[in-house]
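Accompanying notes for the structure given below.
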Amino acid sequence: MNTVLCRSDAVDGTSTPCLPPPATPSYMVDHHVVEGIEERPALAPHTDTDARLLVRLIQCRQCSKPFSSPVTMPCGHTVCQRCLPAPQRRVNISYPQTLDHQLGILCPVCGQENSTADCNVDVTVSKIMALLVDYVSRWTAKHAEVVLTLEEVPQPPNDALISEKEMKGHVAQYGGGRLAGTFQMAVDGLLDYWADVAYSKSPGCEKDDLEDLDLDHFNSLRDAISTEMDCMVCYNTMLDPTTTPCGHTFCRHCLMRTLDHSIICPVCRRDVYLSPSLLYQPKNHCLASILDQVWPEVVAARKHTVSEEERPEGALDVPLFVCTLALPGMPCFLHIFEPRYRLMMRRCMEGNRKFGMLMYNQASTSQGDLGVTRFLEYGTLLHIVNFQLLPDGRSLVETVGVSRFRVIEHGMLDGYDVGRIERVDDISLGTEKRLEATEVGTAQSQAALYNAQHPPVPMTAANCPELLTTIELFQACKQYILDMRARSAPWLSERLVRAYGDCPDDPATFPYWFAAVLPIAEEQKYLLLRTTSVRERLKIVYMWIRRIEGQRLLLPRCGGYIGNILATCMGGFHASLTAFISTS
Ligand SMILES: [Zn+2]
Ligand SMILES: [Zn+2]
Ligand SMILES: [Zn+2]
Ligand SMILES: [Zn+2]
């Protein structure tokens with residue numbers, strides 16, 4: 001006889017939905033809301049289902065055993081180190097220039113390709129596993145007389161047709177109660193990740209209060225691993241656990257705040273190559289599931305506290321200064337004398353010392369959902385590093401660009417603009433690598449086809465930047481800086497470099513520095529604020545250089561070119577160094 005079976009719910013929500021849907025376990029329907037906090041009782045092994053689900057939280061999807069040297073990949077999935085597939089060579093990937101980035105590992109759970117360099121042992125899950133193995137074995141020894149018979153009930157993949165004979169699972173006897181027995185069954189390799197378990201007392205087992213025993217065991221395990229669930233930045237239970245490539249896990253918002261000013265892991269001090277906003281960084285599914293299932297009330301309370309701390313949705317709480325172009329990581333000097341902006345600066349100084357800088361919308365173009373506004377929708381959040389109040393009320397303000405943003409909503413407050421903003425960030429480095437590989441690969445094959453027809457102007461890197469890898473683009477741009485230095489280009493003068501710092505070695509920030517020193521129109525530089533990948537920014541800079549070089553070749557006299565550059569440079573230099581605001 002053929003039977004249609006379906007898998008029980010996957011614990012991390014990444015499996016495909018089953019048809020027909022499984023009956024919702026009792027712990028899932030017992031929802032109630034208290035003062036805005038959603039509470040759900042913790043999974044506790046009162047029932048057979050819960051003991052099974054708890055063990056599944058720490059079972060590897062590949063080998064079905066409890067994790068051994070668990071590795072959490074950038075896609076957020078965890079498997080044993082020995083269960084990772086062999087790395088494969090990736091082509092056309094040059095950025096980021098980290099160790100082993102040319103080798104990729106396909107996640108056995110979701111199929112996403114991750115850099116080998118980013119697949120390291122998950123420190124938190126490893127510690128949890130060591131504690132669990134130790135505690136379960138001691139518990140089992142102490143309660144060896146409570147012997148249960150466990151029968152594995154296989155749950156084949158969706159809609160798979162299998163015979164009744166194939167449905168026969170493993171049967172084994174274990175001491176220590178349901179939770180300990182299920183764990184041990186997984187250790188022995190007798191429990192498939194998807195399988196359920198049927199429990200019965202073995203002959204001679206007199207234990208009546210099995211539920212109490214399991215609950216005691218559950219509580220002792222929960223206490224044992226609870227400190228491992230603390231974030232090393234805020235020392236609270238982790239909220240939305242996010243793991244770095246070095247294997248350390250923090251609350252997403254804690255890691256975000258750390259990466260805002262440093263690229264170093266707060267625990268091991270290794271470089272962390274993650275996009276600072278972490279918007280696209282998947283959470284650690286394993287730890288998130290453990291937290292959700294074992295500490296649901298703590299997670300709900302933490303979520304509530306953090307959302308209270310964060311600013312209320314819809315508030316126009318960021319002061320906006322419509323004045324000039326500012327760039328992330330670059331200084332911007334301001335001279336404030338208009339009364340409404342004096343008030344704005346005073347409020348900024350009393351608050352978080354941050355405000356948004358926007359450019360004028362000179363051409364009155366439509367700004368997305370905002371329509372036609374007097375400013376361009378993308379800007380840079382500035383942090384006031386130095387504030388000098390002059391005796392007559394004017395002030396000299398030294399700021400530095402923190403991050404890019406887009407205006408979502410805006411209004412006026414006491415004469416100056418205020419708004420609700422959304423941070424603009426780069427795509428994840430994983431996506432960046434895939435983008436580079438696809439773009440370079442496509443451009444190369446197109447160029448080969450096109451050039452085979454011997455056109456008058458063949459497709460080369462000079463007219464098609466897509467042919468260059470990200471690092472080749474970066475090197476070409478840096479070479480231009482070196483060439484200009486050798487020619488003593490005035491816009492690379494000592495004075496400018498002193499204001500903006502030396503040429504950065506980081507391809508992600510280099511374009512901002514280049515834009516800060518290069519004498520071209522601010523509308524051109526503005527394009528950088530809208531980019532969402534390092535590659536996109538480098539291509540923009542590369543095309544500026546191609547255009548400037550083209551102009552230089554067309555000009556008969558070198559002096560004319562230098563003269564023009566010098567004039568533009570001095571104008572641009574003053575414009576970006578000091579912005580004067582006319583008194584109303
Ligand atoms: Zn495994
Ligand atoms: Zn994955
Ligand atoms: Zn934290
Ligand atoms: Zn670390």
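In each ligand, atom 1 is the first atom listed, and ligand 1 is the first ligand listed. It should be emphasised that the depicted structure is a prediction, and the values quoted were computed from it without experimental measurement.
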* Asked: With a 4.0 Å cut-off, would you call E113 and K433 a salt bridge?
  -> no
* D240 and K283: salt bridge (Lys or Arg N to Asp or Glu O under 4.0 Å), yes or no, with the steps? -> CA-CA 6 Å; D240 204 0; K283 64 181 169 190; 5.3 Å; no
* Parallel under 30°, tilted from 30 to 60°, perpendicular over 60°: which one fits the rings of F510 and F474? -> perpendicular
* Asked: Which one of V187, V55, V133, L191 satisfies the side chain to side chain contact (heavy atoms under 4.5 Å, CB included) criterion with P66?
  -> V187
* Asked: Taking 4.0 angstrom as the limit, do E439 and R535 come out as a salt bridge?
  -> yes
* Structure fact -> Note on the Zn ion (ligand 1): protein N/O/S atoms within less than 2.8 Å are C60 SG, C63 SG, C80 SG, C83 SG
* Would you sort out whether I384 and K354 count as a side-chain contact (heavy atoms from CB on, under 4.5 Å), showing the intermediate values? => CA-CA 6 Å; I384 302 171; K354 288 190 177 73; over 6 Å; no
* Using a strict 4.0 Å threshold on nitrogen-to-oxygen distance, state whether R56 and D192 make a salt bridge. => no
* Asked: Are a donor atom and an acceptor atom from the side chains of T72 and T78 found within less than 3.5 Å of each other?
  -> yes
* To do: Report yes or no: does W513 contribute a side-chain atom to a donor-acceptor pair with the main-chain N or O of G501 at less than 3.5 Å?
  => yes
* To do: Please test Q173 against S202 for side chain to side chain donor-acceptor pair (under 3.5 Å), starting from the C-alpha separation and ending with a verdict.
  => CA-CA 7 Å; Q173 292 193 331; S202 297; 3.2 Å; yes
* To do: For the Zn ion (ligand 2), check which protein N, O or S atoms are under 2.8 Å away and list them.
  => C75 SG, H77 ND1, C107 SG, C110 SG
* To do: Inspect the contact between R530 and E536 and indicate whether a charged nitrogen and a carboxylate oxygen are less than 4.0 angstrom apart.
  => no
* Does K478 come within less than 4.0 Å of D505, counting only side-chain N to carboxylate O? -> yes
* So which pairs with a foot in residues 127-138 pass side chain to side chain donor-acceptor pair (under 3.5 Å), sequence neighbours left out? -> D134-R138
* Asked: Which protein N, O or S atoms lie under 2.8 Å from the Zn ion (ligand 4)?
  -> C246 SG, H248 ND1, C265 SG, C268 SG
